[in-house]
Amino acid sequence: MTLTQHSQKPCQDDLQNFGDKPEQVRDTDHYQQEYVEDFTDRWDRLIDWKARSEAEGDFYIRILREHGARSVLDVATGTGFHSVSLLKEGFDVISADGSPNMLARAFQNARDHGQLLRTAQADWRFLNRDIHGEFDAVICLGNSFTHLFREHDRRKALAEYYAVLKHNGILILDHRNYDRLLDQGVAIRSGKGNVYCGKDVNVSPEHVDEGLARFQYSFSDGSTYHLNMFPLRQSYVNRLMTEVGFQKITSFGDYLPGHQDPDFYVHVAEKEYKADLKQN
């Protein structure tokens with residue numbers, strides 16, 4: 001389906017390079033051309049660090065501490081919000097991202113907050129090639145996993161996360177409620193929710209089908225950008241995690257257990273093997 005679009009100034013597709021048929025761009029590697037410098041410079045206006053911190057509270061800190069995590073690999077660092085937050089709480093953090101523009105912005109943001117990031121540019125499908133060592137936790141937040149368009153890529157990335165975790169480590173992964181978007185279409189609520197909290201940007205779905213969710217990001221200065229993402233259904237993500245080898249998966253909706261029809265889902269997947277664990 002193609003959804004209603006908002007009238008804005010000419011979009012920045014020439015910078016993001018989607019080509020003449022943007023709805024046909026369904027390539028995992030294309031994210032490099034989507035996170036252009038102009039877009040990443042505006043990304044924090046979409047997040048709004050203060051508002052996001054208030055929305056999350058201590059949710060991730062509490063989960064990590066409940067599982068005894070000390071070392072954390074942030075594989076989707078973006079502009080650094082979670083890496084910086086975890087560093088401030090005393091966690092040992094390695095910050096990785098596939099976009100050099102995002103890493104550059106994250107490094108500067110960390111300095112502005114009195115923190116020093118240890119960064120690495122890494123492709124999730126080859127994570128153990130670029131990142132060495134084992135971690136108590138891997139976090140993949142900000143709806144980032146939806147940049148993987150092929151199932152083989154998704155399975156490979158999850159396997160890489162699994163391999164880099166210690167024997168009792170956890171993976172924390174989030175994504176939009178694409179079930180609602182796919183099933184209700186134009187009935188979807190605001191595209192931001194409690195993850196993207198900025199007030200001077202409008203986020204709206206332009207096109208949705210089972211293989212693509214194309215979002216438009218229209219900023220108050222008239223600039224417009226797009227992201228093409230794969231619409232992950234909640235049950236599908238849980239199944240993939242289980243098939244890769246994670247033993248127990250606990251899902252939250254907008255940071256609450258059992259919350260129905262949230263804006264975002266958060267999955268906590270445990271690696272620790274328990275022989276008597278009942279099937280999920």
Side-chain angles (χ1 to χ4, degrees), residues 28-29 31-32 34-37 39-50 52-53 56 58-65 67-148 156-158 160-166 169-175 195-197 227 264 266-269 271:
T28 294
D29 294 312
Y31 73 91
Q32 290 277 11
E34 296 178 28
Y35 289 105
V36 295
E37 187 173 356
F39 193 17
T40 57
D41 285 346
R42 291 171 171 81
W43 194 254
D44 288 327
R45 290 160 57 184
L46 171 66
I47 295 175
D48 188 334
W49 284 37
K50 183 176 184 295
R52 186 168 183 174
S53 179
E56 288 185 3
D58 66 346
F59 175 80
Y60 292 110
I61 304 299
R62 187 175 70 253
I63 294 283
L64 291 168
R65 287 180 175 161
H67 287 84
R70 177 72 177 81
S71 57
V72 180
L73 175 60
D74 182 358
V75 297
T77 297
T79 55
F81 174 79
H82 287 105
S83 285
V84 170
S85 299
L86 294 177
L87 284 170
K88 288 181 176 180
E89 291 292 330
F91 290 91
D92 182 14
V93 183
I94 298 294
S95 305
D97 202 285
S99 166
N101 289 331
M102 282 292 195
L103 285 176
R105 174 60 59 181
F107 189 84
Q108 183 59 54
N109 282 341
R111 291 190 63 179
D112 293 342
H113 283 261
Q115 303 294 326
L116 181 64
L117 289 192
R118 290 182 291 166
T119 62
Q121 185 177 351
D123 186 315
W124 300 334
R125 296 164 295 182
F126 314 103
L127 189 63
N128 286 268
R129 177 194 65 188
D130 302 321
I131 304 292
H132 304 290
E134 293 183 326
F135 300 84
D136 299 318
V138 170
I139 61 173
C140 181
L141 304 177
N143 194 47
S144 302
F145 199 66
T146 59
H147 286 301
L148 300 173
K156 184 64 164 65
L158 287 174
E160 292 288 307
Y161 300 162
Y162 188 94
V164 81
L165 283 170
K166 295 179 182 178
I170 61 169
L171 166 66
I172 307 178
L173 183 151
D174 76 358
H175 60 87
V195 171
Y196 302 119
C197 303
L227 288 178
F264 271 73
V266 179
H267 307 286
V268 180
K271 179 177 180 177

Rounded to the nearest 0.5 Å, how far does [atom2] of [Y] lie from [atom1] of [X]?
{"X": "W124", "Y": "L148", "atom1": "CH2", "atom2": "CG", "value": "5.5 Å"}
{"X": "L117", "Y": "F107", "atom1": "CG", "atom2": "CZ", "value": "7.0 Å"}
{"X": "D136", "Y": "R70", "atom1": "CG", "atom2": "CZ", "value": "9.0 Å"}
{"X": "E89", "Y": "L87", "atom1": "CD", "atom2": "CG", "value": "10.5 Å"}
{"X": "Y31", "Y": "H147", "atom1": "OH", "atom2": "NE2", "value": "9.0 Å"}

Kindly say whether A110 contributes a backbone atom to a donor-acceptor pair with the side chain of Q115 at under 3.5 angstrom?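 The answer is no, because no donor-acceptor pair under 3.5 Å joins these two groups.
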Could you tell me whether the side chain of T77 and the main chain of A96 form a donor-acceptor pair under 3.5 Å? yes
Parallel, tilted or perpendicular for Y35 and F39, by the 30°/60° rule?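 Correct class here is parallel.
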Decide if atom CZ of R62 counts as having more than 12 heavy atoms of other residues, nucleotides or ligands within a radius under 6.0 Å. yes
Heavy-atom distance under 4.5 Å between the side chains of [X] and [Y], does that happen here?
{"X": "D29", "Y": "R125", "result": "yes"}
{"X": "I61", "Y": "L86", "result": "yes"}
{"X": "L141", "Y": "F81", "result": "no"}
{"X": "K166", "Y": "S71", "result": "yes"}

Going by the rule side-chain hydrogen bond (donor to acceptor under 3.5 Å, both in side chains), which residues pair with Q108 if we only count those two or more places apart in sequence or in a different chain? D112
Between K156 and D123, is a salt bridge (charged side-chain N to carboxylate O under 4.0 Å, His left out) present by the stated rule, with each step listed? CA-CA 11 Å; K156 184 64 164 65; D123 186 315; over 6 Å; no
Will you find, in the side chains of N101 and E37, an N or O donor that is under 3.5 Å from an N or O acceptor?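 Side-chain D/A pair, N101 to E37: absent.
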